[in-house]
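Worksheet: one structure, shown below.
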Amino acid sequence: MSTEHKDVSKTDKDTTHFGYKTVKTDDKETMVASVFHSVAKQYDIMNDVMSFGVHRLWKRFTIDASGVRPGNSILDLAGGTGDLTAKFSKLTGPQGKVILADINSSMLNVGRDKLRDLGIVGNVDYVQANAEALPFDDNSFDIVTIAFGLRNVTDKDKALRSIYRVLKPGGRLLVLEFSKPEHDLLNKAYDFYSFNILPKMGELVAKDGESYQYLAESIRMHPDQETLKSMMDDAGFEQTTYHNLTGGIVALHKGYKF
């Protein structure tokens with residue numbers, strides 16, 4: 001199965017992609033929600049199993065690239081179980097503020113419980129929010145991150161414009177997301193793993209192979225590195241760059257609002 005990325009913009013406005021399926025645009029949000037309601041409780045375990053723990057290095061790289069400073073205001077969008085929020089909370093300090101936002105209530109609840117169990121309170125708030133229509137004032141945040149969440153958004157262009165609006169001038173967006181491997185051999189190995197092993201892991205660990213089949217497909221439908229960079233440019237971001245991690249299996253995109 002090829003990892004060639006299809007251009008989701010070529011579907012008409014009434015339909016979009018849910019993995020490899022074409023579905024009604026109005027239905028996708030509910031279908032994605034069902035996936036994450038299903039996987040929420042096993043999400044952290046599956047991340048470690050699926051990536052052999054490497055997701056922790058990808059997220060650490062994102063934190064290091066963020067330029068976070070004490071007192072910053074940060075939006076961890078599609079923040080899920082709160083890995084980035086936990087790090088940002090310590091780095092921005094009591095004068096700062098981190099908002100963990102996720103469209104999915106199950107993921108948000110798991111993240112809130114996890115961080116509170118770790119004693120991370122005081123400078124963290126939790127907001128259920130749709131990336132396409134963020135419920136925050138203009139020019140609110142120094143940093144917005146979205147890690148492994150953009151590919152599940154129905155209208156990515158709308159989400160990028162919404163993020164741009166809530167960033168302060170001089171603020172920056174970091175998008176950590178699965179992308180397109182740089183080499184054919186890695187591409188083929190990654191395909192085999194994603195479609196033959198990953199769903200079986202999902203069935204074994206999370207008792208939900210179907211959701212992990214969707215997640216594998218959603219990665220393939222996500223824009224590749226250059227396409228996403230262009231989308232960020234079109235949304236108004238400047239000095240956009242990306243850095244491939246693990247041979248391009250994952251890429252960290254960065255852009256500024258000036």
Side-chain angles (χ1 to χ4, degrees), residues 5-40 43 62 75-85 99-108 111 127-136 141 143-167 172-180 211-212 214-237 240 242 250-255 257:
H5 293 255
K6 302 169 181 64
D7 185 353
V8 296
S9 66
K10 291 181 180 177
T11 57
D12 63 57
K13 291 182 180 179
D14 295 327
T15 62
T16 188
H17 294 289
F18 178 76
Y20 287 157
K21 299 174 185 174
T22 298
V23 300
K24 291 181 180 178
T25 300
D26 292 343
D27 292 342
K28 179 171 178 176
E29 188 176 309
T30 301
M31 296 171 76
V32 171
S34 178
V35 169
F36 284 93
H37 284 311
S38 175
V39 303
Y43 192 74
T62 302
L75 174 61
D76 182 12
L77 186 56
T81 58
D83 285 348
L84 291 182
T85 292
I99 293 180
L100 171 55
D102 202 291
I103 194 172
N104 188 276
S105 59
S106 296
M107 295 290 286
L108 201 62
V127 176
Q128 189 169 357
N130 186 334
E132 296 175 22
L134 292 170
F136 307 111
F141 299 101
I143 300 168
V144 177
T145 58
I146 179 166
F148 306 114
L150 186 61
R151 73 180 189 280
N152 297 305
V153 174
T154 303
D155 190 333
K156 297 173 181 60
D157 292 308
K158 189 174 181 181
L160 289 169
R161 292 193 299 272
S162 184
I163 292 167
Y164 185 87
R165 178 185 64 78
V166 303
L167 270 172
R172 65 211 72 103
L173 165 66
L174 294 100
V175 181
L176 181 66
E177 188 55 88
F178 291 105
S179 201
K180 186 173 182 179
S211 289
Y212 284 91
Y214 157 72
L215 292 173
E217 292 176 5
S218 72
I219 292 168
R220 300 315 190 277
M221 300 305 294
H222 185 67
D224 64 16
Q225 289 91 326
E226 285 293 335
T227 304
L228 180 53
K229 182 180 183 299
S230 295
M231 291 168 67
M232 291 173 65
D233 291 338
D234 291 344
F237 290 95
T240 55
Y242 63 84
V250 165
L252 176 65
H253 283 72
K254 188 174 183 179
K257 175 180 178 178

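The figures here come from the full heavy-atom set of this structure, side chains too, leaving out hydrogens, waters and symmetry mates. Index from 1, following the sequence. What you are looking at is a predicted structure, and each value in this text was computed from that prediction instead of being measured.
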If we ignore angles and hydrogens, is there a donor and acceptor under 3.5 Å between the side chains of T25 and D14? no
Could you check whether any side-chain N or O of D76 sits under 3.5 Å from a backbone N or O of T85, counting only pairs where one atom can act as donor and the other as acceptor? yes
Check whether any side-chain heavy atom of S162 lies under 4.5 Å from a side-chain heavy atom of E132, and answer yes or no. no
Could you check whether D233 and S230, counting side-chain N and O atoms only, form a donor-acceptor pair closer than 3.5 Å? no
Would you mind reporting whether H222 and S179 have side-chain heavy atoms less than 4.5 Å apart? no
Within-4.5 Å side-chain heavy-atom neighbours: L228 and L150: yes
Is the shortest side-chain heavy-atom distance between Y242 and K254 below 4.5 Å? no
Does M232 reach the side chain of L160, with side-chain heavy atoms less than 4.5 Å apart? yes
Mind checking whether F237 and Y164 have parallel, tilted or perpendicular rings, split at 30° and 60°? perpendicular
Could you tell me if the side chain of V144 sits less than 4.5 Å from the side chain of L174, heavy atoms only? no
K257 side-chain N/O to R165 backbone N/O, donor-acceptor pair under 3.5 Å: yes
Quick check against the 3.5 Å criterion: does E177 have a side-chain atom that pairs as donor or acceptor with the backbone of R151? yes
Do NZ/NE/NH1/NH2 and the carboxylate oxygens of D157 and R161 come within less than 4.0 Å? no
Is I143 close to T145 at the side-chain level, that is, under 4.5 Å between some pair of heavy atoms? yes
